[in-house]
Amino acid sequence: MNAFADILETIAHAPIEKRAMTNHGVLNEAYHYAKPSSFARGMRIDIGGVCILLISGTASIDENGVSVHIGDFEKQMRRTYDNITGLLKSEGATWHDIVRTTCYLRDIDRDYDEFNRIRTEFFKEQGLDPLPASTGIQAHLCRPELLIEIEAIAMFRTDKPKDAKE
């Protein structure tokens with residue numbers, strides 16, 4: 001049986017545990033948003049030795065809930081990546097565990113080339129191979145000053161021996 005089939009077999013019979021993710025060092029919590037808009041920054045799901053992180057739409061917002069780098073697409077995108085990195089780190093994960101991103105751009109016609117350049121540079125800096133699956137979408141974002149928002153999904157095993165190599 002191959003490794004993927006083993007994972008599916010384990011998942012099929014394992015209890016599912018879930019909890020909200022947070023990292024106050026990079027992002028404020030959703031409860032600081034206007035009500036009734038309530039959501040978790042991300043959800044951690046553990047199933048039989050496999051962890052799945054579902055990271056909510058994340059943008060260039062600081063630890064106080066303030067939009068930062070207004071009007072600067074590259075700086076907003078880098079802050080967004082930093083925020084996602086902080087969420088991953090808080091759960092013992094890295095960008096190497098990301099399997100999918102969904103990227104929302106306020107103006108895809110204007111910003112896509114710069115978005116793709118920055119994403120390519122960032123993924124190269126992270127040493128990602130293979131690259132995660134990704135979709136780019138034009139969207140009205142929750143704040144008019146935001147130019148980009150990214151969701152991410154990460155998966156990794158939690159039942160590896162401590163001395164196991166990546």
| Can you name the closest pair of heavy atoms from R143 and S67 and give their distance? | NH1-OG, 2.9 Å
| query | For the hydrophobic clusters of this structure (ILVMFWY residues joined by side-chain heavy atoms under 4.5 Å, transitively), does one cluster hold both I108 and F115? | reply | yes
| request: Take T102 and I137 through the test side chain to side chain contact (heavy atoms under 4.5 Å, CB included) and record every step on the way to the result. | output: CA-CA 8 Å; T102 305; I137 301 168; 3.8 Å; yes
| Quick one: CD1 on I61 to CZ on R79, what's the gap to the nearest 0.5 Å? | 9.5 Å
| field | Straight-line distance of D72 CG to M77 CE, nearest 0.5 Å | value | 12.5 Å
| Path from I98 to L128 over hydrophobic side-chain contacts below 4.5 Å | yes
| field | salt_bridge(R117, E114) N-O dist < 4.0 Å | value | yes
| Any side-chain donor near an acceptor of the partner, Q138 and Y112, under 3.5 Å | no
| task | Can you see which heavy atom on L147 is nearest to which on G71, and at what distance? | result | CD1-C, 4.1 Å
| Approximate separation, where rounding is to 0.5 Å, of I118 CD1 and R78 CZ | 7.0 Å
| task | Decide whether R41 and S56 meet the rule of one side-chain donor and one side-chain acceptor closer than 3.5 Å. | result | no
| request: Quick one: closest heavy-atom pair of L146 and C142, and the distance? | output: CD1-SG, 4.2 Å
| said: Treating D62 as the side-chain partner and V66 as the backbone partner, does any N or O pair qualify as donor plus acceptor under 3.5 Å? | reply: yes
| request: Indicate the ring-plane relationship of W95 and F122, choosing parallel, tilted or perpendicular according to the 30° and 60° boundaries. | output: perpendicular
| Once you round to the nearest 0.5 Å, how far does CD1 of I153 lie from CG of L53? | 10.0 Å
| query | Will you find, in the side chains of R119 and S134, an N or O donor that is under 3.5 Å from an N or O acceptor? | reply | yes
| request: Look only at the side chain of D111 and the backbone of F73, and say whether a donor-acceptor pair between them is shorter than 3.5 Å. | output: no
| Within a strict 4.5 Å, meaning less than it, do heavy atoms of the T58 and Y81 side chains meet? | no
| query | What residues, two or more places apart in sequence or in another chain, satisfy salt bridge (Lys or Arg N to Asp or Glu O under 4.0 Å) together with R100? | reply | none
| task | Answer with yes or no whether the hydrophobic clustering places I70 together with Y104; edges join I, L, V, M, F, W, Y residues whose side-chain heavy atoms lie under 4.5 Å apart. | result | no
| Side chain H96, main chain Q126, donor-acceptor under 3.5 Å | yes
| said: As a quick check of understanding, evaluate side chain to side chain contact (heavy atoms under 4.5 Å, CB included) for L105 and L141, giving each step before the final call. | reply: CA-CA 8 Å; L105 284 70; L141 304 178; over 6 Å; no
| Would you say D46 and T158 make side-chain contact, with heavy atoms under 4.5 Å? | yes
| query | Do the side chains of V68 and I150 join up, straight or via other hydrophobic residues, at under 4.5 Å, putting them in one cluster? | reply | no
| query | Any salt bridge (charged side-chain N to carboxylate O under 4.0 Å, His left out) pairs touching residues 127-138, not counting sequence neighbours? | reply | none
| field | Distance in Å, R106 CZ paired with I148 CD1, rounded so as to fall on 0.5 Å steps | value | 12.0 Å
| query | So do the side chains of E151 and T101 get within less than 4.5 Å of each other, counting heavy atoms only? | reply | no
| Is R44 close to C51 at the side-chain level, that is, under 4.5 Å between some pair of heavy atoms? | yes
| task | Could you tell me the separation between the OG atom of S60 and the CD atom of Q76, rounded to the nearest 0.5 Å? | result | 4.5 Å
